[in-house]
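Owing to the predicted nature of the structure, the values given are computational and were not obtained by experimental measurement. Proteins get letters first, then strands, A, B, ... in listed order; numbering begins at 1 in each.
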Amino acid sequence: MKKLSRRFYTRDTLTIAKNFLGKFIVRKWRGKKIIGKIVETEAYIGPGDKASHAFRNKRTSRNKAEYLIGGHIYIYLVYGMYWQFNISTSAKGKPECVLIRALEPIFNNRNPKSQIPNPNKIPNPNFQNLKEIKNLANGPGKLCRYLKLNKSFYGEDMAGSKRIWLESNGEKIKKSDIVAAPRIGIDYAGKYWSKIPWRFYLKGSPFISRI
DNA sequence: GTACAGATTGAG
DNA sequence: TCAATCTGTACT
């Protein structure tokens, strides 16, 4: 497993949104590691993107983390109760980010590669069935609960943090295994921007938020 | 000070 | 399909 460095986060945002798929979020919490494989993302590319919080270079105290160099966490609350976990992308001063929308929970860190293809056989005795496991992180609010994330992570640097980072197991996701679709919950952005296919997910994964 | 949106979720 | 839910944000 290789930790992802700054170089990974400073590239083109759509490329990163696709390359996040299949990577592992590692969260150190109370001496343990909570791990999830990213299976669903969305790109938000301000200032041109009407669905972005940084549309027209809007700057507020909430969204300022979007302007940081790639790799920093932009986390905020929606509906008064759900956290949304974003990672800033591209160069400093460009308000671009990727929303992490769903994770496949990983319970055994010894050989992540071997256990990925068969979600029906995840060896965790704490859970009885796939339905229970899916329910842990198949949505942007739920995955923050699973990873124990809150506002204290605002602006945290994924390339330097000791409590959250990304790892790669070297697996190359085939282009044909990535589905591009319209982003969720942004109808307010109008016909064009709510239809543009900047949501990406792993084809056939049972752990995505919705079809 | 205060109105109000909201990148959701879970139940039906 | 639909409404509960409630805090931070962005305005006055």
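- Along DNA chain B, the nucleotide nearest A/Tyr188 and the nucleotide nearest A/Asn135 are compared for position; the residue whose nucleotide lies closer to the 5' end is A/Tyr188.
- Using a 4.0 Å heavy-atom cutoff across all strands shown, A/Gln84 reaches sugar-phosphate atoms only and no base atom.
- The hydrophobic cluster containing A/Phe85 does not contain A/Tyr67, counting ILVMFWY residues as joined when their side-chain heavy atoms lie under 4.5 angstrom apart, directly or transitively.
- Each of A/Glu66 and A/Arg145 has a nearest nucleotide on DNA chain B; the 5'-most of these lies closest to A/Glu66.
- Looking at heavy-atom distances under 4.0 Å, A/Ser209 makes no contact with the nucleic acid at all.
- In this pair, A/Tyr79 lays its aromatic ring flat on the base of B/dT8, centres within 5.5 Å and planes under 30 degrees apart.
- A/Ser88 OG to A/Asn63 CG: the interatomic distance, rounded to the nearest 0.5 Å, is 12.0 Å.
- When each of A/Lys151 and A/Gly80 is assigned the nucleotide of DNA chain C with its nearest heavy atom, A/Gly80 is the one assigned upstream, toward the 5' end.
- Across the strands present, B/dG1 finds its partner in C/dC11; the criterion is a Watson-Crick or G-U wobble pair with both atom distances under 3.5 angstrom.
- Within 4.0 Å of A/Arg183, counting heavy atoms only, lies no atom of the nucleic acid at all.
- Nucleotides B/dG12 and C/dC6 have their C1' atoms positioned 23 Å apart, rounded to a whole Å.
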Derivation of the side chain to side chain donor-acceptor pair (under 3.5 Å) call for A/Thr15 and A/Asp12 = CA-CA 5 Å; A/Thr15 302; A/Asp12 165 70; 2.9 Å; yes

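- Atom C1' of C/dG8 sits at a distance of 24 Å from the matching atom of B/dG10, rounded to the whole Å.
- The nucleotide B/dA7 finds no pairing partner, because no Watson-Crick or G-U wobble arrangement with both distances shorter than 3.5 Å includes it.
- Residue contacts for A/Leu99: at a heavy-atom cut-off of 4.0 Å it reaches a base atom on one of the strands shown.
- Annotation: A/Lys23, atom NZ; neighbour count of heavy atoms from other residues, nucleotides and ligands within 6.0 Å is above 12.
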